[in-house]
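One structure is given here, and the rest of the page talks about it.
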Amino acid sequence: MYAIKFLRKQPLRLVFTIGGIALCVILMLFLFSVYGGVADGSVKYIRENKVDLWVLQRNATNILRGTSFLSTGHGSVLKSIEGVEVAAPVLFVLVTVKKEGKESTVYLTGYDPLTGPGGPPEIVAGRSVRSDDEIVLDRSFAAKFGYALGDDVLINDETLVVVGLSGGTNAFVIQYAFITLQKAREVIGFSGIVTCFLLRIHDSYDAATVAETIRDELPGLEVYTHDVFLRNNIREMEAGFLPLLYTIASIGAIVLTVILSMLLSINIIERRKDFAVIKTLGAPIRFLNNAIIIQACGISLAGCAAGLILFFPMVTVIEKLSPEVSTKTSVFQIITIVVVVIIIALISSWFSLRRLRRIYPLEAFT
Amino acid sequence: MVFAAEIETDIPSGGIHMNNVAERNNVFEIKGVTKIFNGESTRTFAVRDVSLKAGEGEFIILMGPSGSGKTTLLTMIAGLVSANEGTVHIFGKNITHYTQRELQKIRAERIGFIFQNFHLIDSLTVLENISLVQHFSGTGRTHTRLHGMELLRSFKMECHAHKFPQQLSQGEKQRVAVARAIINNPRLIIADEPTASLESRQGFEIINLLNNYKKDHRACVIAASHDIRLKRYADRVVWMEDGYIKVD
């Protein structure tokens with residue numbers, strides 16, 4: 001493997017290059033993992049609350065970045081529509097939590113714990129709320145602000161006791177908290193409003209037909225099936241996050257291309273005479289092309305391996321230091337990154353091969 | 001010196017397996033070759049209307065002042081530089097219109113090169129430097145290593161096989177360079193100032209190695225040199241000046 005042997009005279013530079021590539025790999029993988037965590041935390045609430053229909057104010061398409069106000073009276077009408085088994089009201093409101101002079105914001109979710117859906121998708125410690133003076137906090141929010149089961153939480157002068165911690169409720173920029181619907185109304189000071197209704201339909205009825213009936217009887221409302229509503233929220237989450245992800249990942253990819261191209265080009269420039277000699281001695285074009293491509297791919301794969309080895313311990317440390325950072329890494333993400341890095345290696349090789357072609361065998365005789 | 005009769009050169013390019021009479025005797029032949037290097041505002045005649053031929057078992061030394069065209073002539077014989085006028089035949093073939101791929105194949109398989117400053121690859125060991133040339137000619141890895149070690153043994157250099165060039169003396173480096181040049185048993189060795197970086201004793205040692213190879217393999221050696229002491233080893237001394245051959 002002459003290609004790799006040609007690199008062994010600059011071990012320090014090689015280590016720095018592999019380190020640089022590893023950092024780029026970590027950066028890109030971290031972004032994808034954070035995206036995975038955000039995607040999971042943003043919509044797991046919706047995914048796990050498996051109801052047949054979501055009813056919101058007209059023109060509201062999602063709960064992440066949309067506003068919907070409905071009156072409690074809508075609930076009575078919905079329940080009276082043929083085929084509707086359950087119409088559970090849920091109220092979402094952003095509130096400030098105060099603790100020891102520090103303020104933070106949670107996405108407060110008021111629901112009826114006795115009769116309806118709308119509660120936390122997963123309880124990781126304690127239990128769900130049963131009474132109006134209780135609250136379930138997202139576990140990363142609780143970790144970040146030092147809340148434990150049994151602690152008091154002060155929200156808009158209302159004191160609530162932490163009875164449970166939830167999982168899958170960290171949307172990165174905001175975390176969910178769960179209280180009773182009644183307490184949520186008290187917190188905001190309006191008694192007759194909800195954000196949406198979660199509907200369960202009798203088995204013998206078709207959800208689409210019921211939705212059509214609701215649209216006819218309540219023209220000011222919008223009705224979505226579970227899948228459509230989930231897709232709406234995912235799209236909204238991606239619209240907010242993906243541009244940032246793509247921008248930073250693109251910067252990482254450009255940096256990676258520059259690092260690799262520079263290393264390969266500097267190696268060619270410094271060893272210009274060697275390449276001229278190799279050409280004079282009769283090196284086939286294929287040998288030289290392969291040497292550069294193998295060097296680029298070898299360095300890149302070494303960088304990927306180093307990045308992956310460092311990534312998981314690093315993420316563990318980050319999640320301990322900043323609990324609100326929730327990541328989710330998949331094999332698909334890793335394969336994607338490796339493929340991207342190899343493509344970048346090939347692009348870098350192309351730049352370097354252009355430089356190599358401008359070295360003439362005659363230079364060996366000077 | 002016996003040369004074969006003049007041969008026509010319209011043999012298809014790409015065919016480099018030669019076994020005719022002409023090839024056995026005539027290693028290279030250049031006819032009326034001129035090379036001009038064009039600068040931004042100048043034209044330099046590096047070689048002017050030069051004709052030269054050499055056969056098997058010949059040791060030719062090209063001498064002359066700096067800038068006389070010796071190195072340019074060597075590179076033209078090697079097919080590294082194309083002539084503006086004239087033709088270049090190697091092993092009975094007109095290589096004037098050969099493709100780069102065909103020329104590369106000839107250089108890898110049938111020509112050995114020795115450079116003034118050795119030009120060993122620093123990042124490769126002695127054995128790898130030698131084996132590299134065989135690798136270019138398509139020989140398998142195991143064979144190249146075995147052959148390389150065998151050659152180093154014959155040069156009494158086997159203890160240096162896994163050293164890097166910078167760990168060797170000047171004389172040792174040039175012996176490795178000679179080993180690299182002859183590993184493929186080439187019929188033509190092109191040497192550019194092979195003794196210039198060496199002390200006298202080392203220089204003679206290298207010339208002896210080349211001379212022995214020439215005799216044993218009936219190869220042709222052509223070397224550009226300023227070293228007048230090498231004259232006694234040469235079968236022919238060609239004097240170049242201002243791009244012309246003055247004395248042959």
Side-chain angles (χ1 to χ4, degrees), chain A residues 1-18 263-296 298-299 302 352-366, chain B residues 35 37 46 70-76 78-82 99-125 127-138 141 144 164-166 177 180-181 183-184 186 190-193 224:
Chain A
M1 193 59 81
Y2 286 103
I4 301 299
K5 286 173 182 170
F6 287 143
L7 289 170
R8 65 187 173 196
K9 272 297 162 193
Q10 301 102 10
L12 195 62
R13 186 190 297 164
L14 192 59
V15 167
F16 276 122
T17 307
I18 290 172
L263 174 93
L264 294 171
S265 295
I266 288 170
N267 186 47
I268 288 170
I269 292 165
E270 282 186 351
R271 309 191 74 80
R272 192 177 180 96
K273 189 80 89 180
D274 284 350
F275 281 109
V277 169
I278 288 170
K279 284 186 172 184
T280 300
L281 294 177
I285 298 296
R286 195 179 64 247
F287 172 86
L288 293 166
N289 289 353
N290 286 351
I292 298 300
I293 291 168
I294 289 169
Q295 282 179 359
I299 292 167
S352 306
L353 285 170
R354 284 184 53 170
R355 191 172 289 279
L356 184 63
R357 283 191 201 106
R358 290 199 292 268
I359 296 176
Y360 301 101
L362 203 56
E363 294 176 39
F365 291 86
T366 55
Chain B
K35 180 64 191 175
F37 289 112
K70 303 186 297 291
T71 301
T72 305
L73 191 59
L74 289 184
T75 56
M76 290 168 83
L80 293 165
V81 172
S82 58
T99 63
Q100 284 304 314
R101 190 188 174 97
E102 289 165 336
L103 292 170
Q104 165 264 312
K105 201 165 163 57
I106 288 177
R107 288 201 300 273
E109 293 175 358
R110 309 187 73 173
I111 304 176
F113 289 91
I114 299 170
F115 304 98
Q116 180 175 350
N117 295 313
F118 326 123
H119 288 337
L120 301 175
I121 312 295
D122 280 349
S123 51
L124 301 181
T125 64
L127 182 59
E128 288 162 352
N129 262 285
I130 294 171
S131 305
L132 186 65
V133 182
Q134 272 212 311
H135 180 76
F136 293 158
S137 62
R141 191 181 168 193
T144 58
F164 288 95
Q166 58 271 35
R180 180 175 68 180
I183 191 160
N184 277 340
I190 292 175
D192 186 28
E193 302 283 1

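Basis for what follows: all heavy atoms, side chains included, without hydrogens, waters or symmetry-related copies. Lettering follows sequence order; numbering is per chain, from 1.
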For B/Ser131, is it the side chain, the backbone, both or neither that has a heavy atom under 4.5 Å from a heavy atom of chain A?
both
Please report the interatomic distance CG(A/Asp274) to CD1(B/Ile121), rounded to the nearest 0.5 Å.
4.0 Å
Under a 4.5 Å heavy-atom cutoff, which of B/Leu74, B/Thr71, B/Asp122 has the most pairs with chain A?
B/Asp122
Per side-chain contact (heavy atoms from CB on, under 4.5 Å), A/Pro284 is matched among B/Gln104, B/Gln100, B/His135, B/Lys105 by B/Gln104
With chain A, the option among B/Glu193, B/Gln116, B/Arg141, B/Gln166 that has the most non-hydrogen atom pairs under 4.5 Å is B/Gln166
Under the side-chain contact (heavy atoms from CB on, under 4.5 Å) rule, what do A/Lys273 and B/Asn117 come out as? Steps first, then yes or no, please.
CA-CA 11 Å; A/Lys273 189 80 89 180; B/Asn117 295 313; over 6 Å; no
To the nearest 0.5 Å, atom NE2 of B/His119 lies from atom OG1 of A/Thr280 at 8.5 Å
In terms of heavy-atom proximity below 4.5 Å to chain A, should B/Glu128 be classed as side chain, backbone, both, or neither?
both
B/Arg101, CZ: over 12 other non-hydrogen atoms inside 6.0 angstrom
no
Quick check on B/Leu132 against chain A: is it the side chain, the backbone, both or neither that has a heavy atom closer than 4.5 Å?
both
Pairs of heavy atoms under 4.5 Å with chain A: top-ranked of B/Leu124, B/Leu103, B/Val133:
B/Leu124
Atom CG in B/Leu80, atom NZ in A/Lys279: separation rounded to 0.5 Å?
11.0 Å
Give a yes or no on whether A/Phe16 atom CZ has more than 12 heavy-atom contacts from other residues, nucleotides or ligands under 6.0 Å away.
no
Of B/Val81, B/Asp192, B/Thr72, the residue whose pairing with A/Phe365 passes side-chain contact (heavy atoms from CB on, under 4.5 Å)
B/Asp192
Just wondering, are more than 12 heavy atoms of other shown residues or ligands nearer than 6.0 Å to CD1 in A/Ile285?
no
For a quick test of reading the model, state the closest non-hydrogen atom pair linking A/Gly282 to B/Phe136 and the distance between them.
O-CB, 3.6 Å
Given a strict heavy-atom distance threshold of 4.5 Å, which part of A/Leu281 is in contact with chain B: side chain, backbone, both, or neither?
both
